[in-house]
K.L.:
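Below is the structure I would like to discuss, written out as structure tokens.
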Amino acid sequence: MFTTAQIAEKIGARLAGDGSVEIKAVGPAGAACATDITFAADDKHREALANSAAAAVIVNELADNFGGPQLIVKDVNAALIETMKLFAPKLTPAAAGVHPTSVIGQNVEIADSASLGPNVTIADNVRIADNCVLAAGVRIGENCTIGRDTRLDSNVVVYHNCRIGSGVIIQANTTVGSTGFGYAPVNGRPVLIPHNGGVVIEDFVEIGANCCIDRAKFGNTIIGAGTKIDNLVQIAHNVVIGKCCLIVGQVGISGSSRLGDGVVLAGQVGIVDNVTIGDGVIIGAQAGVVRDTPAGKKLLGSPAIDYAEKVREFALAHRLPKMAEQLKELIKKVNALEAAANDKK
Amino acid sequence: MFTTAQIAEKIGARLAGDGSVEIKAVGPAGAACATDITFAADDKHREALANSAAAAVIVNELADNFGGPQLIVKDVNAALIETMKLFAPKLTPAAAGVHPTSVIGQNVEIADSASLGPNVTIADNVRIADNCVLAAGVRIGENCTIGRDTRLDSNVVVYHNCRIGSGVIIQANTTVGSTGFGYAPVNGRPVLIPHNGGVVIEDFVEIGANCCIDRAKFGNTIIGAGTKIDNLVQIAHNVVIGKCCLIVGQVGISGSSRLGDGVVLAGQVGIVDNVTIGDGVIIGAQAGVVRDTPAGKKLLGSPAIDYAEKVREFALAHRLPKMAEQLKELIKKVNALEAAANDKK
Amino acid sequence: MFTTAQIAEKIGARLAGDGSVEIKAVGPAGAACATDITFAADDKHREALANSAAAAVIVNELADNFGGPQLIVKDVNAALIETMKLFAPKLTPAAAGVHPTSVIGQNVEIADSASLGPNVTIADNVRIADNCVLAAGVRIGENCTIGRDTRLDSNVVVYHNCRIGSGVIIQANTTVGSTGFGYAPVNGRPVLIPHNGGVVIEDFVEIGANCCIDRAKFGNTIIGAGTKIDNLVQIAHNVVIGKCCLIVGQVGISGSSRLGDGVVLAGQVGIVDNVTIGDGVIIGAQAGVVRDTPAGKKLLGSPAIDYAEKVREFALAHRLPKMAEQLKELIKKVNALEAAANDKK
């Protein structure tokens with residue numbers, strides 16, 4: 001528990017109002033209870049303050065529709081994140097060292113500050129840097145490197161020859177470096193093309209649970225620095241993803257396609273193979289991208305087209321029954337006019 | 001092997017016909033062989049009896065298109081389930097106790113009747129109730145509770161601060177309590193918002209393999225009692241699901257959306273964030289739900305609209321080529337009529 | 001490193017040009033560097049040779065747009081695969097034998113040449129044939145058989161009563177034999193129908209990472225010989241798949257549906273339950289198949305219809321705004337014509 005004054009001090013906020021109010025948790029304006037602090041990062045949040053039960057609020061300027069103490073900051077999101085950390089559940093930190101049930105290969109370097117949990121297996125020629133945490137059941141293949149401050153959660157599997165950067169998080173049951181779906185017909189049957197390449201996951205990438213990142217046939221599959229990936233996402237062989245992209249749950253990106261920086265793919269989007277998506281492109285949920293897309297475009301639909309155009313198409317599709325009726329009536333009228341004209345001849 | 005009379009007795013059926021017929025398995029009417037018992041739970045099944053090779057049938061009233069012995073019950077589904085149990089493969093029951101290769105934290109309470117398989121890891125402050133079965137490689141984080149008669153299959157990962165009820169089944173490689181996809185832009189880069197909440201899985205929930213249930217940012221992600229979830233399903237942070245919902249494979253439900261009771265989501269459905277789906281709503285396969293949906297509605301399409309309306313749209317879409325042609329012809333005719341009218345002036 | 005002459009000899013190619021050129025890797029024409037050998041398996045590849053930096057090329061006839069040494073073979077794909085093997089990273093072969101941390105049940109037969117890694121658990125009555133490799137954390141249930149030369153990667157879970165053939169590959173975190181999504185309403189609540197059947201995976205099947213193959217209610221779920229399955233694919237209970245099918249990432253096949261031989265399902269396709277898909281059918285990405293489909297058909301869309309027809313529909317959908325305008329104008333004109341005609345009466 002913290003008082004509003006304590007929170008203000010810890011997050012560097014200017015406090016307007018009572019500093020002695022006791023806060024037990026953080027909650028969104030609409031669902032907060034009387035011992036919560038809430039936050040207003042956008043107009044929708046600001047409006048919701050009027051009916052919020054929260055005891056206090058973090059804002060970037062005084063809200064006149066909220067009666068309790070207000071903590072005024074420059075960047076509400078940054079302040080929210082700091083406040084959430086204050087109220088995070090207290091968990092036992094992972095102990096440095098290698099759990100005795102782990103199985104470590106030859107020529108492996110593990111930093112003293114790294115933590116390897118129970119039943120971790122590390123193959124030969126692996127390097128694990130400072131402060132890494134490998135939870136129970138993580139499997140690391142030959143010749144991998146794991147950068148400092150990186151966290152691999154339980155049962156993550158990393159195949160051989162993958163390079164994982166610093167400050168990376170990979171959540172449970174995700175697979176990195178699986179062989180891609182690359183088959184060539186030989187004598188009429190599909191035969192696997194060897195995947196000689198690897199995977200490079202750059203610094204500060206965060207990957208959700210139960211994802212698959214396939215290794216490359218040639219060179220590397222690359223996830224650019226700062227990119228964030230949700231759960232159950234499929235990244236195929238030789239895909240190259242830029243920096244700070246946001247890839248939402250159940251997206252699939254097919255082989256050798258390339259994303260620029262800051263691309264946003266909403267849930268369940270599919271990208272065909274061998275296309276290039278420019279910087280800052282935004283793709284709406286469930287869309288299917290089938291061609292190269294220039295930077296800054298916003299697409300929707302399957303196949304995906306310009307977002308605004310697709311929204312218009314959806315609207316017109318709803319008018320199809322009406323259009324069909326109008327067409328039917330017109331045909332009747334025109335036929336009547338023609339018959340009348342013929343009669344006159 | 002059981003005789004028809006034995007089965008009738010065990011499932012409380014009235015037997016019409018020969019009680020000495022030997023039955024080796026249960027099979028659907030169309031695929032049953034001569035030593036199978038089949039069942040007719042609906043009209044389609046009843047019709048299929050005419051051509052079924054099955055030796056006997058479970059029905060709720062005598063079928064006149066089937067020659068073999070008939071077992072008459074009030075509830076065919078309930079009787080089928082009991083009959084299937086009779087013929088279930090005999091497996092060694094999980095032995096009570098903790099396998100010596102398991103790693104157990106501090107302040108952990110495990111009921112004597114619970115079974116923990118090889119390589120299970122349990123963090124601190126966990127409670128595991130009577131008759132639980134945790135298969136090999138299950139990982140349970142700090143402060144979790146697992147209710148009685150619950151079964152977690154191999155390599156399931158449950159993060160800290162999750163509450164799992166009684167009679168729950170979670171199948172292999174599923175992840176519960178992963179951090180959700182909640183990022184806020186700070187200095188132009190996406191930064192993770194701490195997820196201080198947990199997951200509550202209520203009694204008699206059943207979850208398939210390789211699913212992801214994210215923990216909440218605030219409060220809890222909640223799966224209501226009796227809800228059943230198929231494989232590869234994504235449930236995002238702060239989602240609240242009601243009781244006895246059916247959620248089919250590869251569905252994705254985005255953050256903070258709420259489902260009522262008895263909602264049915266067919267395969268590969270997507271639900272955007274922050275929407276409310278009323279009791280008994282049915283969403284057709286691959287649909288994308290983008291707005292609040294009142295109780296009892298049936299939707300289809302992406303974006304999802306009223307089911308019947310969408311079916312009409314699909315039909316009209318097939319008529320588009322014809323409509324385009326009709327339109328072209330009409331334009332020609334009207335132009336001719338106008339020209340003729342002008343000539344007359 | 002190999003010279004062009006050495007590669008030609010090893011893959012049985014006729015060498016046209018310098019045999020002393022040193023090759024370090026294989027690369028696609030567009031991305032190859034000056035020490036790579038490339039390949040031209042189709043027209044697109046052949047055209048790309050003109051601008052390729054590659055030092056040498058594998059072709060089936062002399063390319064006149066490429067200056068370096070050419071290795072001429074009958075089947076470029078087969079030769080490419082052999083060449084890729086030459087340059088594959090050298091990994092430590094899995095050691096024969098059972099790792100001491102593995103836990104083996106009763107009445108288990110494991111071939112001397114098989115390799116079981118750390119923390120593998122094998123239940124009772126399992127047979128594992130020659131040269132199998134079960135990586136760390138694999139779990140095999142009761143009464144399973146694993147054919148020779150089969151490879152199960154880390155943390156794969158196989159439930160009881162599954163039969164896996166020879167030469168099979170199953171990648172990390174995949175689940176085989178989970179209970180399917182089969183519920184029947186009893187007293188108004190969904191109750192699980194026991195799944196008494198198993199799974200049969202025939203020879204030379206290859207399955208990606210984080211897939212789910214459900215066991216059958218009756219009989220077996222069957223994956224036919226030579227079929228290849230990508231990552232995150234869902235195969236429901238009692239599905240029967242023919243030989244040499246290609247099933248791309250995130251596809252879902254619902255209960256009891258049947259695929260013929262050589263079927264191709266592109267990414268994120270969904271197949272409803274109880275339909276039959278004929279030999280050689282091709283389904284485009286994100287399509288939803290809702291009915292039986294005869295052999296040789298090519299479908300697209302959700303719901304899926306004939307491919308060419310759907311492409312036409314998509315094109316016409318883009319013309320909808322124009323059609324709506326034309327219709328509006330026509331109505332105006334026809335009304336004017338009618339008014340004029342009435343005036344004349």
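Heavy atoms only: backbone and side chains are in, while hydrogens, waters and symmetry mates are out. Here is the naming used below: chain letters follow the sequence lines, and residue numbers restart at 1 for every chain.
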K.L.:
Please identify, among B:Gly219, B:Gly105, B:Ser254, B:Pro185, the residue contributing the most non-hydrogen atom pairs under 4.5 Å to chain A.
P.N.:
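It is B:Pro185.
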K.L.:
How about A:Thr35 and A:Ile23: do any of their side-chain heavy atoms sit closer than 4.5 Å?
P.N.:
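Answer no - side chains too far apart.
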K.L.:
Which bit of A:Ala136 comes within less than 4.5 Å of chain B, counting heavy atoms only: side chain, backbone, both or neither?
P.N.:
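A:Ala136 touches chain B through backbone and side-chain heavy atoms alike.
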K.L.:
Select one option (side chain, backbone, both, neither) describing which atoms of A:Leu86 are under 4.5 Å from chain B's heavy atoms.
P.N.:
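No part of it gets close to chain B.
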K.L.:
Between A:Asn210 and B:Thr175, is any side-chain donor less than 3.5 angstrom from a side-chain acceptor?
P.N.:
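There is such a pair between these side chains.
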K.L.:
Applying side-chain contact (heavy atoms from CB on, under 4.5 Å), run through B:Ile201 and B:Ile170 and close with a yes or a no.
P.N.:
CA-CA 10 Å; B:Ile201 295 180; B:Ile170 302 181; 4.2 Å; yes
K.L.:
At a heavy-atom separation under 4.5 Å, does B:Val233 approach chain A through its side chain, its backbone, both, or neither?
P.N.:
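For B:Val233, the backbone is the part near chain A, not the side chain.
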K.L.:
Is it the backbone or the side chain of B:Glu142 that comes under 4.5 Å from a heavy atom of chain A, or both, or neither?
P.N.:
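For B:Glu142, the contact with chain A is made by the side chain alone.
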K.L.:
Would B:Lys333 and A:Glu338 count as a salt bridge (charged side-chain N to carboxylate O under 4.0 Å, His left out) here? Give the steps.
P.N.:
CA-CA 8 Å; B:Lys333 285 186 179 182; A:Glu338 281 188 328; 3.6 Å; yes
K.L.:
Give, as side chain, backbone, both or neither, the part of B:Val269 having an atom under 4.5 angstrom from any heavy atom of chain A.
P.N.:
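Just its backbone gets close to chain A.
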K.L.:
Could you check which of B:Gly288, B:Gly177, B:Ala123 has the highest count of heavy-atom pairs closer than 4.5 Å to chain A?
P.N.:
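Result: the option with the highest number of such pairs is B:Gly288.
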K.L.:
Taking C-beta and beyond as the side chain, do B:Leu259 and B:Ile253 meet within less than 4.5 Å on heavy atoms?
P.N.:
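Result yes, sub-4.5 Å side-chain heavy-atom pair found.
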K.L.:
Please classify the contact between A:Gln286 and chain B as side chain, backbone, both or neither, with a heavy-atom cut-off of under 4.5 Å.
P.N.:
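Answer is side chain: those atoms of A:Gln286 sit under 4.5 Å from chain B.
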K.L.:
Side chain, backbone, both or neither: which part of B:Leu330 has an atom under 4.5 Å from a heavy atom of chain A?
P.N.:
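Just its side chain gets close to chain A.
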K.L.:
Check whether B:Val251 gets within reach of chain A through its side chain, its backbone, both or neither, counting any heavy atom under 4.5 Å.
P.N.:
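The backbone, not the side chain.
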K.L.:
Side-chain contact, heavy-atom cut-off 4.5 Å: B:Ile235 with B:Thr221?
P.N.:
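They are in contact (side-chain heavy atoms under 4.5 Å apart), so the answer is yes.
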K.L.:
Under a 4.5 Å heavy-atom cut-off, does chain B meet the side chain of A:Leu300, its backbone, both or neither?
P.N.:
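Nothing of A:Leu300, per the 4.5 Å heavy-atom cut-off to chain B.
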K.L.:
Using non-hydrogen atoms only, which part of B:Ala287 is less than 4.5 Å away from chain A: side chain, backbone, both, or neither?
P.N.:
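The answer is the backbone of B:Ala287.
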K.L.:
Hey, does the side chain of A:Arg151 reach the backbone of A:Asp149 with a donor-acceptor pair shorter than 3.5 angstrom?
P.N.:
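Side chain of A:Arg151 to backbone of A:Asp149: no pair is present.
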K.L.:
Using a cut-off of under 4.5 Å on heavy-atom pairs, state which of A:Ala25, A:Ala317, A:Ala135, A:Gly301 scores highest against chain B.
P.N.:
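Of A:Ala25, A:Ala317, A:Ala135, A:Gly301, A:Ala317 has the most heavy-atom pairs under 4.5 Å with chain B.
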K.L.:
Using a distance-only test with no angle check, is there a side-chain donor-acceptor pair under 3.5 angstrom linking B:Gln250 and B:Gln268?
P.N.:
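Judged by distance alone, the side chains do pair up.
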K.L.:
For B:Asn173, does its backbone N or O pair with a side-chain atom of A:Asn155 as donor and acceptor, under 3.5 Å?
P.N.:
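No: the side chain of A:Asn155 does not pair with the backbone of B:Asn173.
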K.L.:
Quick one about B:Asp124 and B:Gln106 (side-chain donor to acceptor, distance below 3.5 Å, no hydrogens or angles considered), yes or no?
P.N.:
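Side-chain D/A pair, B:Gln106 to B:Asp124: absent.
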K.L.:
Against chain A, label B:Val103 side chain, backbone, both or neither, depending on which of its atoms sit under 4.5 Å from a heavy atom there.
P.N.:
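Answer is side chain: those atoms of B:Val103 sit under 4.5 Å from chain A.
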K.L.:
Heavy-atom distance under 4.5 Å to chain B: side chain of A:His318, backbone, both or neither?
P.N.:
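Looking at A:His318, backbone and side chain both touch chain B.
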K.L.:
B:Val157 and A:Asp153: side-chain contact (heavy atoms from CB on, under 4.5 Å), yes or no, with the steps?
P.N.:
CA-CA 9 Å; B:Val157 177; A:Asp153 291 346; over 6 Å; no
K.L.:
For chain B, which candidate among A:Glu206, A:His99, A:Lys85 shows the most heavy-atom pairs at distances under 4.5 Å?
P.N.:
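Heavy-atom pair counts peak at A:Glu206.
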K.L.:
Rounded at 0.5 Å granularity, tell me how far CD1 in A:Ile11 sits from OG1 in A:Thr83.
P.N.:
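That separation rounds to 3.5 Å.
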K.L.:
Quick check on the interface: out of A:Val248, A:Leu91, A:Leu80, A:Leu327, who has the most heavy-atom pairs with chain B under 4.5 Å?
P.N.:
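The residue among A:Val248, A:Leu91, A:Leu80, A:Leu327 with the greatest pair count is A:Leu91.
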K.L.:
Looking at B:Thr293 and B:Arg291, would you say the former's side chain and the latter's main chain have a donor-acceptor pair under 3.5 Å?
P.N.:
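A pair under 3.5 Å: yes.
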K.L.:
Using a cut-off of under 4.5 Å for heavy-atom pairs, which of B:Gly180, B:Ala336, B:Pro194, B:Gly252 has the most such pairs with chain A?
P.N.:
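Heavy-atom pair counts peak at B:Pro194.
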K.L.:
If only side-chain N and O atoms count, and only distance matters, is there a donor-acceptor pair under 3.5 Å linking B:Arg215 with B:Asn161?
P.N.:
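Note: B:Asn161 and B:Arg215 side chains miss the donor-acceptor criterion.
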K.L.:
Kindly check if the number of other-residue, nucleotide or ligand heavy atoms within 6.0 Å of CZ (B:Arg163) is above 12?
P.N.:
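Not more than 12 within 6.0 Å, no.
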K.L.:
Name the member of A:Gly117, A:Gly226, A:Pro28, A:Ala31 that forms the most heavy-atom pairs with chain B at distances under 4.5 Å.
P.N.:
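Top count of heavy-atom pairs under 4.5 Å with chain B: A:Pro28.
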K.L.:
What part of B:Glu329 lies closer than 4.5 angstrom to a heavy atom of chain A: side chain, backbone, both or neither?
P.N.:
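Neither part.
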K.L.:
With chain B, which of A:Ala266, A:Ala88, A:Gly284 has the greatest number of heavy-atom pairs at distances under 4.5 Å?
P.N.:
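Result: the option with the highest number of such pairs is A:Ala88.
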K.L.:
Do you know which of B:Val156, B:Thr179, B:Ile193 has the most heavy-atom pairs with chain A at a distance under 4.5 angstrom?
P.N.:
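Among the listed options, the one with the most contacts to chain A is B:Thr179.
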K.L.:
Tell me, for A:Asp230 versus chain B, whether the close heavy atoms (under 4.5 Å) come from the side chain, the backbone, both or neither.
P.N.:
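Both the backbone and the side chain of A:Asp230 come within 4.5 Å of chain B.
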K.L.:
Name the option with the most non-hydrogen atom pairs under 4.5 Å to chain B; the candidates are A:Pro89, A:Ala78, A:Gly249, A:Gly208.
P.N.:
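When all of A:Pro89, A:Ala78, A:Gly249, A:Gly208 are compared, A:Pro89 has the most.
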K.L.:
Under 4.5 Å heavy-atom distance to chain A, tell me which part of B:Thr174 shows up: side chain, backbone, both or neither.
P.N.:
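Looking at B:Thr174, just its backbone touches chain A.
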K.L.:
Can you say whether B:Asn238 sits under 4.5 Å from chain A via the side chain, the backbone, both, or neither, judging by heavy atoms?
P.N.:
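When you check distances to chain A, no heavy atom of B:Asn238 falls under 4.5 Å.
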K.L.:
What part of A:Gln171 is in contact with chain B, defined as an atom under 4.5 angstrom from a non-hydrogen atom: side chain, backbone, both or neither?
P.N.:
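Contact with chain B is through both the backbone and side chain of A:Gln171.
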K.L.:
Does B:Asp306 come within less than 4.0 Å of B:Lys297, counting only side-chain N to carboxylate O?
P.N.:
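So B:Asp306 pairs with B:Lys297 through a salt bridge.
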K.L.:
Is B:Asp214 in contact with chain A via its backbone, its side chain, both, or neither, using a 4.5 Å heavy-atom distance?
P.N.:
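Answer is side chain: those atoms of B:Asp214 sit under 4.5 Å from chain A.
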K.L.:
Who among B:Thr101, B:Leu192, B:Leu320, B:Asn143 has the most heavy-atom pairs with chain A under 4.5 Å?
P.N.:
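It is B:Leu192.
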K.L.:
Could you look at A:Phe87 and say if it's the side chain, the backbone, both or neither that has a heavy atom under 4.5 Å from chain B?
P.N.:
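Both backbone and side chain.
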K.L.:
With a 4.5 angstrom heavy-atom cut-off, could you sort out which part of B:Leu337 is near chain A: side chain, backbone, both or neither?
P.N.:
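Contact with chain A: side chain only.
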K.L.:
Are B:Asn107 and B:Asn125 linked by a side-chain donor-acceptor pair shorter than 3.5 Å?
P.N.:
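On atom types as modelled, these side chains qualify, holding a pair under 3.5 Å.
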K.L.:
Are A:Ile223 and A:Ile229 side-chain neighbours, meaning at least one heavy-atom pair lies under 4.5 Å?
P.N.:
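A:Ile223 reaches A:Ile229 side chain to side chain.
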K.L.:
Using heavy-atom distances under 4.5 Å, tell me whether A:Asp36 contacts chain B through its side chain, its backbone, both, or neither.
P.N.:
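Neither the backbone nor the side chain of A:Asp36 comes within 4.5 Å of chain B.
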